[in-house]
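Take a look at the structure below.
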Amino acid sequence: MKALRIHGMRDVRVDNVDDPEILDARDAIIRVTSTAICGSDLHIYNGSIPQPRPMTLGHEFMGIVEEVGRGVGNLKRGDRVVVPFPVACGHCLFCNHELPGHCENSNPEHYGPEGGLMTEKGGALFGYTDLYGGYDGGQAEYVRVPYADFGPRIVPDSLTDEQALFLTDIFPTGYTGIDWAGVKGGEVIAIFGAGPVGIMAAKSAWLRGASRVIIVDTQAYRLDKARETANAEGILWENQKQVVDEIRSMSRGYGADVCVEAVGFEPDRNLLDRAKAVINVEKGSDKVLLACMSAVRRGGFVSVLGVYSSPFDNFPIHQFFDKGITIKGGQAPAHKHIDRLLKHVANGDVRLDDIISHRLPLTEAAHGYKIFREKLDNCTKVVLKPGM
């Protein structure tokens, strides 16, 4: 089969590889009909999260069940399914507490309680390096899905692939940022990052009754997309002070009730930002998280959805303490929310496919990575079609 594999920094290629096989009674083989490039894939593509051997990328995918192991009773050949991005067993301590990203059985080689830089990581993720399980991902014609009796959800015939695809990751992830904050209605929500996750967080904020949704980005075209698809008010980032001042002015001087960090450790950076990282021996920057902590009101909530893979000096713990901020972050518990969110999509409460800017055959995946990373051609979200 054909599969998109990482071979080094900014070197992805569509290779011919062996078809996946059933290796466990709880496995299924899925023929991929749609898959997408995620912003977190770019961390591997950029070399910021290392992957020394070639590996099939992709954790946003859906398709048709071709084969199931004898232990999978909920699926049959021909079912169309969407697959949550964590690989989770469904019965360990953490899965029982609706924390599939911390599954203690899916990543036996690198799992542990510490959460270190290169050791004792969390549960496995599809297509997300050997540190997170080493499972080949879904940017391929076929994919092996472990624990298929727990993860995949059958998609109603009334929904197209593109209407359902983002239930894999970015919609549950965006929703998680709002859910963590316990949004009940009437809140002012400020979202940093008008990429796919940020836009999904904005859509989720409206679902939960927000009174005002503000979104911040460095790219005007992405703010235009956020306004068009999520009815969000946009702020173009010029500098941190300017952004924080604008958010406070839009929230009676207090700051936002909730700030959602949907960028991570590789934001757009100027020369000064890059020099600081070199001096402090840091990878990337925490500038967006710091802006969230300033922009949130006293007693407010900061949800960290962007990936952070290394420590940073001078973290403002004094500000966290003085303002009484609650901060929560990590991998979104996609399994926890996917059924509720699938109903929202099926009922027409929310639309997901309006963020797609590019549809490409799998054979053009390398081009898709390039334009997504470099923000070319007004790229907001790339969907790959293995059968195209």
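The shortest side-chain heavy-atom distance between F126 and V145 falls under the 4.5 Å cut-off. Side-chain contact check for L4 versus T56: every heavy-atom pair is 4.5 Å or farther apart. Taking 4.5 Å as the limit, every side-chain heavy atom of K2 sits out of range of all side-chain heavy atoms of D15.
Side-chain contact of R144 with Y135: a donor-acceptor pair under 3.5 Å is absent, judged by distance alone. For the residue pair S34/K385, the side-chain donor-acceptor check at 3.5 Å is satisfied.
Considering all non-hydrogen atoms of both residues, A36 and D41 come closest at O-OD2, 4.1 Å.
Below 30°, between 30° and 60°, or above 60°: for Y369 and Y45 the angle between ring planes is between 30° and 60°, a tilted geometry. Note on ring orientation: taking the six-membered ring where Trp is involved, the planes of F94 and H102 are tilted (angle from 30° to 60°). Relative orientation of the H59 and Y128 rings is perpendicular, given thresholds of 30° and 60° on the angle between their planes.
Annotation: side chain to side chain donor-acceptor pair (under 3.5 Å) contacts involving residues 103-115, sequence neighbours excluded, are absent.
Here the CG atom belonging to D130 is positioned 13.0 Å from the NZ atom belonging to K121, to the nearest 0.5 angstrom. Note that CD1 of I29 and CD1 of I64 are 14.5 Å apart. Values are rounded to the nearest 0.5 Å.
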Item to complete: Mind running ring pair (Phe, Tyr, Trp, His ring centres under 6.0 Å) on H344 and Y175 for me, showing each step along the way?
Response: CA-CA 12 Å; H344 277 304; Y175 184 85; 7.2 Å; no

Fill in: Intermediate values then yes/no, side chain to side chain donor-acceptor pair (under 3.5 Å), S249 and E246
CA-CA 5 Å; S249 72; E246 287 196 45; over 6 Å; no

